[in-house]
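Notes follow the structure.
Proteins come first, then strands; the chains are lettered A, B, ... in the order of their sequence lines, and each starts at number 1.
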Protein chains: 2
Amino acid sequence: MTAPAPLDFAALLSSRARSMNASAIREILKVTQQPDVISFAGGLPAPELFPLDDVRSAAEAALDKYGPAALQYSTTEGHLPLREWIAAQAAIPAQNVQIVTGSQQGLDLLGKILISEGDTVLVEAPTYLGALQSFQPYGPRYVQLPTDEGGIDVDALAEILQTTGAKLLYAIPNFQNPTGRSLSAERRQKLVELTAQHGVLLIEDDPYGALRFSGEAAPSLYELGQRLWGDVNQNHVIYMSSFSKTLVPGLRDAWVQAAGPIIQKLIQAKQGADLHTPTLNQMIITELLPILPRQIETVKKAYGERAQHMLRRIGEQFPAGAQHTTPEGGMFLWITLPEGMNTTTMLERAVARKVAYVPGSPFFALGGGENTMRLSYSCATPEQIDRGIAALAQTIREELD
Amino acid sequence: MTAPAPLDFAALLSSRARSMNASAIREILKVTQQPDVISFAGGLPAPELFPLDDVRSAAEAALDKYGPAALQYSTTEGHLPLREWIAAQAAIPAQNVQIVTGSQQGLDLLGKILISEGDTVLVEAPTYLGALQSFQPYGPRYVQLPTDEGGIDVDALAEILQTTGAKLLYAIPNFQNPTGRSLSAERRQKLVELTAQHGVLLIEDDPYGALRFSGEAAPSLYELGQRLWGDVNQNHVIYMSSFSKTLVPGLRDAWVQAAGPIIQKLIQAKQGADLHTPTLNQMIITELLPILPRQIETVKKAYGERAQHMLRRIGEQFPAGAQHTTPEGGMFLWITLPEGMNTTTMLERAVARKVAYVPGSPFFALGGGENTMRLSYSCATPEQIDRGIAALAQTIREELD
């Protein structure tokens with residue numbers, strides 16, 4: 001047989017697939033990955049801080065303890081000792097904890113079970129790009145929530161909840177990606193109450209919360225939800241966190257804690273998505289739990305020093321019109337340049353000066369923020385910060401002129 | 001604030017989530033997991049054959065070789081040395097290989113990028129239950145393809161393709177789960193040609209192909225597609241396989257090989273689904289590749305002996321009206337009892353006799369097969385086969401009376 005007419009693959013894609021795009025950041029990172037460019041663009045945890053020897057020992061310990069069971073299929077819910085440890089931290093039953101293959105999978109599965117085509121989803125402006133990417137195939141209609149230094153503007157939220165039939169609100173209350181901002185304690189209470197009153201599910205994405213290097217911790221939205229309802233199975237807050245930023249990201253271990261009816265559907269969705277999170281990986285993480293407090297101290301100290309150093313250099317060298325956030329933890333800070341400037345077109349000139357950042361615009365679900373950028377300090381040495389911020393300051397000054 | 005009216009979680013689920021159900025097999029397995037029941041119900045690879053010491057050494061080697069990079073975020077496409085090895089086996093470029101977190105993720109992502117609500121998807125009757133579960137949230141309309149000892153009835157397929165506007169055909173040509181049947185060489189050629197002529201994408205799911213313990217191998221559908229088109233980027237066959245049945249399942253490493261336009265969308269879908277398959281796991285699998293041929297020999301030999309023993313006992317003891325398939329590889333065989341019998345209602349009596357199987361009915365997308373059952377021999381000792389088949393034969397005889 002001779003080959004028939006070639007298939008038109010594009011026409012055979014689902015309508016869902018046609019709405020997907022390559023991650024803007026992924027494309028930007030390709031441009032900036034020249035070896036002599038100092039990149040504040042990535043969002044990677046610092047690899048030199050990874051507890052490599054502890055992981056080696058933990059892998060051995062898991063294989064010794066569980067034998068072939070460490071390499072066999074396992075339950076969709078996840079490794080019970082790990083779920084029990086997570087549950088104990090939150091004072092909830094292990095049945096309310098679902099292990100996922102990285103927070104990204106948590107976002108995908110929550111999108112799958114919660115978002116019908118056309119459902120209104122409230123997101124911060126700006127918000128985590130990866131969440132938008134996970135939700136997109138399920139057809140959300142986004143409404144952006146205005147934010148300021150204290151996080152989501154809850155007065156604006158109150159009005160928005162009156163007029164939109166929102167079903168879901170997605171928030172990152174601690175050291176938000178991309179801004180580094182945190183939601184104030186008072187606003188947290190208000191956010192939890194408002195969403196509860198309007199029957200809106202509240203996803204709290206908290207990968208960075210453990211990495212506070214200054215200031216005072218506020219209660220999690222989940223904890224406030226627990227206090228409000230007094231019943232883990234009525235709590236409308238769905239909490240997500242991860243071992244990626246505290247231990248290591250490459251094992252892909254994260255979790256969701258939520259009310260029973262949400263967890264039940266998550267289990268069904270995860271069965272169809274990957275059956276279960278890799279068995280050995282969950283056991284390695286469990287074996288690493290005793291070193292977690294020490295590791296968190298190490299990471300906090302390093303990131304705190306790097307953030308402080310970057311903020312000092314920005315304060316010294318950036319022109320007066322450039323504003324920056326002052327993160328109390330996490331990996332990112334956010335620069336707002338004077339109105340009318342465009343960080344996307346400026347990036348090429350920055351890279352020519354051997355420094356890179358991520359333009360802020362892709363983090364807005366509905367556009368905006370053309371004059372903003374995200375800087376990551378997590379992987380930067382003092383010397384890289386000195387040179388990189390100097391080059392960036394010069395690029396901005398030139399652009400201003 | 002006092003708690004407001006409780007949320008109706010069920011009403012907040014997506015319409016997609018409401019179409020999901022707990023896996024029928026999962027529920028059945030719970031019933032059969034009493035310690036004194038001999039279970040032919042599970043579909044697990046034999047854990048005593050896992051290369052535990054090799055995995056231990058491979059994990060050490062990967063951590064030594066790559067250091068912190070073994071624990072860092074990595075590319076969505078997957079670990080390049082692993083993709084290159086897979087690509088070399090199929091004589092295609094590495095760009096046409098996407099690593100996935102178990103074949104189950106491959107099915108989910110393919111469903112996501114290919115199936116729009118209401119699209120017609122052709123599946124074997126019976127087919128792999130997990131594929132139905134992965135595809136279901138994307139809203140397929142199934143059409144069942146009749147099968148016999150030689151696999152899909154391609155004459156019936158030719159007629160069905162005339163009358164349905166099918167977009168996708170999902171097939172398991174080697175030692176199919178659940179039947180253990182293989183598609184004959186002649187029908188493979190016809191299947192590839194017919195789907196190409198009608199512009200229908202063909203997913204070839206091949207987790208068991210390497211585990212042939214008797215008979216002659218036929219070319220893969222993918223290979224026939226390559227011959228037909230002479231261009232990897234025009235091939236309408238999407239091939240999936242896995243290291244779960246040959247090495248170990250708990251690391252969740254599998255792959256998809258397909259034309260460029262399909263792979264490009266898979267990458268975007270996978271970014272939103274879990275960013276990437278765990279880094280260390282892909283490196284461990286890569287380190288294990290040198291022992292793969294030896295391991296395949298070990299597994300084939302064991303499964304071949306177990307299958308033969310089970311078939312012998314079935315031949316000796318099952319009543320004349322019970323038919324069985326004769327698998328040449330893989331982990332499963334399929335029993336068809338006389339019309340009118342019901343293996344679902346019979347299961348309780350079988351479990352009372354301390355033997356378990358999976359009723360065949362859930363493997364039919366549109367129902368049917370009430371008189372069928374799947375037996376797995378992969379984990380059974382000769383003594384368990386002796387006792388279990390005797391108990392099952394007795395249960396069937398009683399039921400027949």
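Of the atoms belonging to A:L49, not a single heavy atom falls under 4.5 Å from chain B. Looking at B:D64, the atoms closer than 4.5 Å to chain A (heavy atoms on both sides) sit in the backbone and in the side chain alike. For B:S15, the parts sitting under 4.5 Å from any heavy atom of chain A are the backbone and the side chain alike. When heavy atoms are compared at a cutoff of 4.5 Å, A:F50 approaches chain B solely by way of its side chain, counted from C-beta outward. Interface remark: B:N233 contributes backbone atoms only to the contact with chain A (heavy atom separation under 4.5 Å). Using a 4.5 Å cut-off between heavy atoms, A:T101 touches chain B through backbone and side chain atoms alike. Both the backbone and the side chain of B:T76 come within contact range of chain A, each with at least one heavy atom under 4.5 Å from a heavy atom of that chain. If you measure heavy-atom distances from B:L168 to chain A, you find no contacts under 4.5 Å at all. With a 4.5 Å cut-off on non-hydrogen atoms, B:A5 touches chain A through its backbone but not through its side chain. Interface remark: B:N281 contributes side-chain atoms only to the contact with chain A (heavy atom separation under 4.5 Å). In this structure, chain B has a heavy atom under 4.5 Å from the backbone of A:N235, while its side chain stays farther away. B:I262 touches chain A through its side chain: at least one heavy atom from C-beta onward sits under 4.5 Å away, while N, CA, C and O do not.
Within the model, atoms CG of A:D253 and CD1 of A:I285 stand 4.5 Å from one another, a figure rounded to the nearest 0.5 Å. For the atom pair CG (A:L169) and NE2 (A:H236), the distance works out to 9.0 Å, reported to the nearest 0.5 Å.
Interface summary for chain B: among A:V248, A:L44, A:L71, the most heavy-atom pairs under 4.5 angstrom belong to A:L71. Interface summary for chain A: among B:Q234, B:M20, B:Q271, B:Q72, the most heavy-atom pairs under 4.5 angstrom belong to B:Q72. When the candidates A:P47, A:G111, A:G102, A:G250 are compared by the number of heavy-atom contacts under 4.5 Å with chain B, A:G250 comes out ahead. Considering only heavy-atom pairs separated by less than 4.5 Å from chain A, the leading option among B:R18, B:E60, B:H276 is B:H276. Chosen from A:V100, A:T279, A:L13, the residue pairing most often with chain B at heavy-atom distances under 4.5 Å is A:L13. Heavy-atom pairs under 4.5 Å with chain B peak, among A:V200, A:I284, A:L132, A:L52, at A:L52. For the set A:Q105, A:Q133, A:Q268, A:E117, the entry with the most heavy-atom pairs within less than 4.5 Å of chain B is A:Q268.
Between the side chain of B:R16 and the main chain of A:I115, a donor-acceptor pair closer than 3.5 Å is present. No donor-acceptor pair closer than 3.5 Å links the side chain of A:S376 to the backbone N or O of A:G43. A donor-acceptor contact shorter than 3.5 Å links the side chain of A:Q104 to the backbone of A:G130.
Listed by chain and residue number, nothing satisfies the salt bridge (Lys or Arg N to Asp or Glu O under 4.0 Å) test with B:D231 (two or more places apart in sequence, or in another chain). With sequence neighbours left out, B:Y138 forms a ring-ring contact (aromatic ring centres under 6.0 Å, His included) with no residue at all.
With B:T277 as the partner, the side-chain hydrogen bond (donor to acceptor under 3.5 Å, both in side chains) test is satisfied by one option alone out of B:R252, B:E77, B:H79, B:K270: B:K270.
A:Q282 and A:S74 make their closest contact through NE2-OG, 4.4 Å (heavy atoms, listed as atom of the first residue, atom of the second, distance).
Between the side chains of A:K265 and B:S14, not a single donor N or O lies within less than 3.5 Å of an accepting N or O.
Using a 4.5 Å heavy-atom threshold, the side chains of A:K167 and A:V121 count as separate.
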